[in-house]
Amino acid sequence: MKWKAVATEAKLLLIGIPLFLWTVIPVYHLVLFAISPRDSATSGKLWPDHPTLQNFAIVFQRKHFYLDHFWIQLWNSVLIAVAVAAITLFVATSAAFAISRLKVRGGRTVMNLALFTYFIPAAFLAVPMYKTMGNYGILNSQWALILAMVTIASPYCIWVLKQASDKLPFELDEAARMDGASPLQLFRLVYLPLMVPSLVAVGTYALLLAWNEYLYAFLLLSNDTSTTLAVALGNFLSADDSPWELLMATGLIYALPPAAIYYAFKRYMVGGLTAGAVKS
Amino acid sequence: MASVSFRDVAKSFGHTKVIHGIGFDIADGEFTVLVGPSGCGKSTLLRMLAGLEEISGGTIAIDGKVVNDIDSKDRDIAMVFQSYALYPHMTVADNMGFSMRLRRADAGLTAQRVAQAAKILNLDNYLHRYPRELSGGQRQRVAMGRAIVRDPKVFLFDEPLSNLDAKLRVAMRAEIKALHQRLKTTTVYVTHDQVEAMTMADKIVVMQDGRIEQIGSPLELYDRPNNLFVAQFIGSPAMNVVTGTLRRQGGQAWVEGDGHARWPVEAGGPGVDGQAVTYGVRPEHLSVAGPDASVQAEVIVVEPTGAETELLVQVGGSQIVLVLHGRSAVQPGDKVGLAVETGAVHLFDPASGRSLAIPEPARRAA
């Protein structure tokens with residue numbers, strides 16, 4: 001019996017340790033570079049002799065050629081991510097409500113068609129998307145990136161929300177209808193409050209998807225003041241003598257908001273909100 | 001307060017017909033129970049009245065006004081669901097006041113109506129709780145409170161007690177009945193439990209396979225069932241039935257059954273000599289008699305419940321249940337004779353199940 005427990009433990013460790021290293025080493029590397037002075041960044045030590053926050057000061061004060069537009073690019077990233085999350089939430093919630101609760105004719109087909117787009121890799125769609133945005137005349141406008149990201153995020157979000165909607169007891173809708181609720185009142189007063197955990201999950205997903213996007217941002221926004229920080233980070237590597245320590249410091253700053261968002265919203269992403277609605 | 005009338009109401013899901021042209025009326029203030037085995041269409045009928053299901057044929061009218069094309073929110077009816085369907089994100093008070101809020105009623109008036117309903121239902125102390133913090137019985141009362149606050153024309157109940165335990169069910173049964181006597185609102189109540197139907201209803205509608213088997217007051221159905229289905233569905237323990245041949249000879253009448261039993265029948269009753277019949281007698285109309293009785297039985301099980309004693313006895317191939325008042329000295333294995341109150345015997349046609357006491361097919365709306 002003991003042996004079995006040990007064997008199970010060993011198997012878990014065998015999977016766990018590589019997974020842990022896989023996750024932690026890049027982060028460690030990122031931090032190490034970010035706190036190393038310029039000349040010792042690539043010295044190969046496990047911890048710098050003189051750890052410093054100088055790099056962050058340089059980033060915040062934009063004291064480098066690559067960082068000229070740091071603040072505006074960070075702001076762009078925030079703006080685009082929030083806009084994508086908001087629009088995706090609106091589209092996906094409305095669609096899920098219509099498909100799952102109002103049982104709109106053909107709703108499922110529309111959802112399946114939308115999901116079908118995931119069969120085509122996003123990279124394949126990049127050029128058509130570029131052309132389309134050109135046709136719309138919004139290239140170089142942040143709307144181009146926002147719309148593109150909403151397009152990419154929506155199908156999955158609709159699907160997730162539809163699955164979550166299906167789990168809400170249908171009697172609630174019937175009760176609300178009999179209480180005199182119109183579909184919009186039903187949506188606003190009954191459906192949305194009960195969907196909060198799923199909405200937070202889906203909103204976070206869309207936000208992070210947009211925040212982390214590089215390819216489309218790079219393609220659709222070519223102006224230094226309109227592009228996102230992700231693209232700016234990529235530009236660090238355009239020269240031979242890249243300032244690695246600044247790249248890593250900026251990267252670390254860029255990675256913090258997603259982590260913060262994840263921890264802030266984690267507590268909302270729990271079930272149990274519908275407890276007491278119906279006897280189960 | 002309103003009357004309700006069903007005229008030739010039919011419902012099909014795709015090609016499957018689940019309700020076959022039902023027609024009956026519910027008077028203003030009446031407590032009507034739709035009862036029948038599961039799948040008989042009673043809930044569907046209720047949901048059609050509620051406006052939650054399309055009406056495939058016929059008309060439903062509330063207060064003389066046909067409501068087929070009226071949205072459920074405009075029918076002025078309130079429904080209590082089997083699963084309660086409380087809004088989990090709202091407090092008890094908000095749940096009960098939700099319909100008023102939707103109608104943009106004055107907040108003061110809403111609070112007053114909610115307080116009133118809460119008082120009727122003993123929910124005063126729970127108004128600020130959430131549904132998840134309530135017991136099953138309390139949730140059930142909140143669901144009723146939600147209906148009361150609206151003061152609708154008709155109350156609908158869809159098996160509201162089936163999720164409660166037995167003791168609470170009896171208590172809530174009395175509460176709902178008391179509530180109806182107090183508010184006098186027309187009520188349609190669906191249940192599969194004939195005891196609920198018997199104890200609560202002014203009028204019972206017995207349904208089977210999308211058709212009405214019989215309509216009547218509880219005791220009417222109990223005393224004069226139209227057919228074998230109603231006879232066996234209403235009453236607990238169920239009516240005993242044996243098949244046999246009716247004999248009318250020399251001013252005497254009996255049914256010859258299995259095991260040489262001669263089940264006594266009233267002399268002047270319906271049916272002719274030699275006719276095959278189904279003989280029905282309720283457990284409480286049987287008693288233990290001496291060894292010279294015309295029906296001889298062997299006792300299998302004795303179940304004393306205190307006030308009554310239930311006996312299960314074997315007569316030929318049939319098992320018969322007796323309910324005796326008080327205690328009984330008989331033991332399992334005893335041979336006893338059975339005496340029958342002949343006035344309470346029912347005879348049915350074995351083929352159609354129709355009671356021989358009913359002159360012609362009294363089946364409504366086939």
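Quick note on labels: first sequence line is chain A, next is B, and so on, each numbered from 1. Atom set for the values below is all heavy atoms of this structure, side chains included, hydrogens, waters and symmetry mates excluded.
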Quick check on [X]: does its [atom1] atom have over 12 non-hydrogen neighbours (other residues, nucleotides or ligands) under 6.0 Å away?
{"X": "A/Y118", "atom1": "OH", "value": "yes"}
{"X": "B/E54", "atom1": "CD", "value": "no"}
{"X": "A/F90", "atom1": "CZ", "value": "no"}
{"X": "B/F13", "atom1": "CZ", "value": "yes"}

Practice task
Indicate yes or no: at least one non-hydrogen side-chain atom of B/R47 is less than 4.5 angstrom from one of A/E174.
Solution key: yes

Completion exercise
Greatest number of non-hydrogen atom pairs under 4.5 angstrom with chain A, of B/E133, B/R103, B/R101, B/M100, falls to B/R101

Practice task
Supply the atom-to-atom distance A/E171 CD to B/L52 CG, rounded to the nearest 0.5 angstrom.
Solution key: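 Between atom CD of A/E171 and atom CG of B/L52 there are 10.5 Å.
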
Distance-minimising heavy-atom pair for [X] and [Y]:
{"X": "B/R146", "Y": "A/A175", "result": "NH2-CB, 3.5 Å"}
{"X": "B/R104", "Y": "A/Q185", "result": "NH1-NE2, 3.8 Å"}
{"X": "A/P193", "Y": "B/H89", "result": "CB-CD2, 3.3 Å"}
{"X": "B/L102", "Y": "A/A181", "result": "CD1-N, 3.4 Å"}

Handout entry: Donor-acceptor under 3.5 Å (B/R150 side chain, A/M178 main chain)
Key = yes

Problem - Side chain B/Y87, main chain A/L189, donor-acceptor under 3.5 Å - result: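 Looks like no, no N/O pair under 3.5 Å.
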
Handout entry: Side chain / backbone / both / neither for B/M90 at chain A, heavy atoms under 4.5 Å
Key = side chain

Practice task
Please flag which part of B/I77 lies under 4.5 Å from any non-hydrogen atom of chain A: side chain, backbone, both or neither.
Solution key: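 Backbone plus side chain of B/I77, per the 4.5 Å heavy-atom cut-off to chain A.
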
